[in-house]
Amino acid sequence: MAGSKFAYVRNFELPDPLLPGTFMVLRIDGHAFHRLSAEHDFVKPNDERALQLMDHAARDVMNEFKDIVLGFGESDEYSFLFRKSTGLYNRREAKILSTITSLFTSSYVFNWSKYLPNTPLKYCPSFDGRIVLYPAANVVRDYFSWRQADTHINNLYNTVFWALVSKGGQTTAEAHATLRGTVSSQKHEILFSRFGTNYNELPAQFRKGSILVRSEAPGEIGDSTEVQSSSISADGAPPSAASADQGGKKKKARLRTIVELLHCDIIGDEFWNARPNILAE
């Protein structure tokens with residue numbers, strides 16, 4: 001950039017580097033999505049189309065930014081974990097936050113008609129974002145456990161609430177009053193005894209949220225380095241890498257990265273033990 005007498009104004013720009021050697025989690029959250037869902041007649045308590053649109057936007061972000069090793073989505077939010085050693089944009093907070101939040105938002109708007117073709121978008125949706133730094137792998141695990149536990153708590157409440165309204169004939173105020181002070185087991189009992197619904201048999205997508213991970217699949221020289229996958233796994237076991245045998249010598253095949261969509265438990269050890277690279281130093 002050419003210098004001029006006005007260049008001094010750059011001195012007012014403050015550096016905002018994020019602390020190195022820490023895990024970075026960026027969480028995106030829908031702004032005023034209660035209104036958005038009402039204006040566009042989202043299915044209650046879960047609109048699968050809208051959830052798939054969120055997954056699509058998150059996958060676009062992970063395909064663009066390879067330093068993201070894990071994504072977790074529920075309702076109108078998505079959390080992204082960066083590898084601990086990431087040097088993306090020299091770890092400048094504003095640059096990372098604004099770029100990824102804007103990409104997620106633009107993908108959400110751009111792909112709206114693919115998932116809700118009969119529901120024209122009436123106004124521009126928006127998302128806010130924040131970055132939080134975590135000092136250790138166990139704290140990162142606790143963060144994602146918190147988000148998945150929140151998914152279960154919110155979904156159980158909403159599932160019972162909308163059953164009381166749509167099937168039980170209650171008003172929203174009456175449904176809130178019915179559920180006030182109830183614990184998890186009581187909500188399960190209301191669902192089963194009054195509406196014949198076993199909560200544990202509902203789709204895992206609603207109960208556990210969406211998990212996006214990178215898995216390796218063997219590919220040939222010249223293959224694309226990034227492909228998309230929408231496969232769903234109960235335990236989230238990643239595909240194994242293969243070796244190619246060329247000229248009598250075993251040679252490691254070039255690997256493609258698959259962004260894989262799962263709906264599985266991430267509170268227990270199985271998910272993390274199968275993917276030690278997520279929390280690698």
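Since this is a predicted model, take the numbers as computed values, not measurements.
- Checked against a 6.0 Å centroid threshold, the rings of Tyr134 and Tyr143 count as neighbours.
- Of all the heavy atoms in Gln205 and Asp55, the pair that sits closest is NE2-OD2, 4.3 Å.
- A donor-acceptor pair under 3.5 Å is absent between the side-chain atoms of Thr182 and the main chain of Thr178, judged by distance alone.
- A pairwise comparison of heavy atoms in Thr105 and Pro125 identifies CG2-O, 3.8 Å as the closest pair.
- Here Ser184 contributes atom OG and Glu189 contributes atom CD; the two are 12.0 Å apart, rounded to the nearest 0.5 Å.
- Within the 6.0 Å centre-distance limit, the rings of Phe127 and Phe33 are counted as a close aromatic pair.
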Does the side chain to side chain contact (heavy atoms under 4.5 Å, CB included) test come out yes or no for Val61 and Tyr78, once each step is laid out?
CA-CA 11 Å; Val61 168; Tyr78 240 99; over 6 Å; no
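- Asn154 and Asn158 share no side-chain donor-acceptor pair at under 3.5 Å.
- The distance from the CZ atom of Arg59 to the CD atom of Glu64 is 15.0 Å, given to the nearest 0.5 Å.
- Remark: side-chain polar atoms of Glu174 are paired, donor with acceptor, to backbone N or O of Thr171 under 3.5 angstrom.
- When only modelled atom types and interatomic distance are considered, Thr257 and Glu216 share no side-chain donor-acceptor pair under 3.5 Å.
- Looking only at distances, no side-chain donor or acceptor of Asn90 sits under 3.5 Å from a matching main-chain atom of Arg92.
- Inter-residue side-chain proximity for Ile190 and Phe161 is flagged as unmet; no heavy-atom pair is nearer than 4.5 Å.
- Counting non-hydrogen atoms of other residues, nucleotides and ligands closer than 6.0 Å to OH of Tyr8 gives a total of 12 or fewer.
- Taken together through direct or relayed side-chain contacts under 4.5 Å among Ile, Leu, Val, Met, Phe, Trp and Tyr, Leu156 and Leu51 form parts of separate hydrophobic clusters.
- Counting heavy atoms from C-beta outward, Leu103 and Ser106 have side chains that approach closer than 4.5 Å.
- Hydrophobic clustering (ILVMFWY, side-chain heavy atoms < 4.5 Å, transitive): Met62 and Leu53 are in one cluster.
- Here the side chains of Asp128 and Ile28 are not in contact, with every heavy-atom distance at 4.5 Å or above.
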Could you go through the salt bridge (Lys or Arg N to Asp or Glu O under 4.0 Å) check for Lys208 and Glu74 one step at a time?
CA-CA 8 Å; Lys208 298 183 181 296; Glu74 60 152 327; over 6 Å; no
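- A salt bridge does not link Glu260 to Arg214: none of the charged nitrogens lies less than 4.0 Å from a carboxylate oxygen.
- At least one donor-acceptor pair under 3.5 Å links the side chain of Asn198 to the backbone N or O of Asn200.
- Between Arg130 and Leu97, the shortest heavy-atom contact is N-CD1, 3.5 Å.
- A 4.5 Å side-chain heavy-atom check between Leu164 and Leu179 finds at least one atom pair inside the cut-off.
- A continuous path of Ile, Leu, Val, Met, Phe, Trp and Tyr side chains, each step under 4.5 Å between heavy atoms, connects Val132 with Ile278, placing both in one hydrophobic cluster.
- Between His56 and Tyr115, the ring-plane angle classifies as perpendicular under the 30° and 60° cut-offs.
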Please walk me through it: do Val160 and Phe195 pass side chain to side chain contact (heavy atoms under 4.5 Å, CB included)?
CA-CA 9 Å; Val160 183; Phe195 305 107; 5.6 Å; no
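- Proximity of the aromatic rings of Phe80 and Phe82 is defined here by a centroid distance below 6.0 angstrom, and this criterion is not met.
- Side chain of Tyr157 to backbone of Lys187: no donor-acceptor contact under 3.5 angstrom is found.
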Using side chain to side chain contact (heavy atoms under 4.5 Å, CB included), reason through Asp265 and Gln148 one step at a time and then give a plain yes or no.
CA-CA 8 Å; Asp265 176 73; Gln148 188 165 68; 3.6 Å; yes
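- Nearest approach of Ile211 to Cys264, heavy atoms of both residues: CD1-O, 3.4 Å.
- For the residue pair Asn111 and Ser107, a side-chain donor N or O sits within less than 3.5 Å of a side-chain acceptor on the partner.
- Once rounded to the nearest 0.5 Å, the distance linking OG of Ser113 with CG of Asn118 reads 10.5 Å.
- Here the options are Ile96, Thr86, Leu81, the test is side-chain contact (heavy atoms from CB on, under 4.5 Å), and the partner is Asp67; only Thr86 passes.
- The list of side-chain hydrogen bond (donor to acceptor under 3.5 Å, both in side chains) pairs with a residue in residues 30-41, not counting sequence neighbours, reads Ser37-Lys44.
- Checking side-chain atoms of His263 against main-chain N and O of Gly209 turns up a donor-acceptor pair under 3.5 Å.
- For the atom pair Thr172 OG1 and Gln170 CD, the distance stands at 10.0 Å (nearest 0.5 Å).
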Check the pair Val69, Leu279 against side chain to side chain contact (heavy atoms under 4.5 Å, CB included), reporting the backbone distance first and the verdict last.
CA-CA 9 Å; Val69 293; Leu279 298 175; over 6 Å; no
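- Residues Phe72 and Phe206 fall into different hydrophobic clusters, defined by Ile, Leu, Val, Met, Phe, Trp and Tyr side chains chained together at heavy-atom separations under 4.5 Å.
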Test salt bridge (Lys or Arg N to Asp or Glu O under 4.0 Å) on Asp269 and Arg141; report intermediate values, then the result.
CA-CA 10 Å; Asp269 293 332; Arg141 281 194 55 173; 2.9 Å; yes
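- Ring geometry for His188 versus Tyr199: interplanar angle over 60°, hence perpendicular rather than tilted (30 to 60°).
- Residues Glu77 and Arg147 form a side-chain contact, since some pair of their non-hydrogen atoms from C-beta on lies under 4.5 Å apart.
- Taken to the nearest 0.5 Å, the CG atom of Leu26 stands 4.5 Å off from the CD1 atom of Ile131.
- Formation of a donor-acceptor pair under 3.5 Å by the Arg207 side chain with backbone atoms of Leu202 is found in this model.
- A continuous path of Ile, Leu, Val, Met, Phe, Trp and Tyr side chains, each step under 4.5 Å between heavy atoms, connects Trp272 with Trp146, placing both in one hydrophobic cluster.
- Arg83 places no side-chain N or O within 3.5 Å of a backbone atom of Ala280 that could act as its donor or acceptor partner.
- Counting heavy atoms from C-beta on, the side chains of Met24 and Ile68 never come closer than 4.5 Å.
- Proximity of a side-chain donor or acceptor of Asp76 to a complementary backbone N or O of Asp29 within less than 3.5 Å is not detected.
- The heavy-atom pair separating Ala136 from Phe23 by the smallest distance is C-CE1, 3.7 Å.
- Within 6.0 Å of CZ on Phe110 lie no more than 12 heavy atoms contributed by other residues, nucleotides or ligands.
- Side-chain contact check for Phe42 versus Thr119: every heavy-atom pair is 4.5 Å or farther apart.
- Proximity of a side-chain donor or acceptor of Trp112 to a complementary backbone N or O of Ala50 within less than 3.5 Å is not detected.
- The shortest non-hydrogen separation linking Thr101 to Gly129 is OG1-CA, 4.0 Å.
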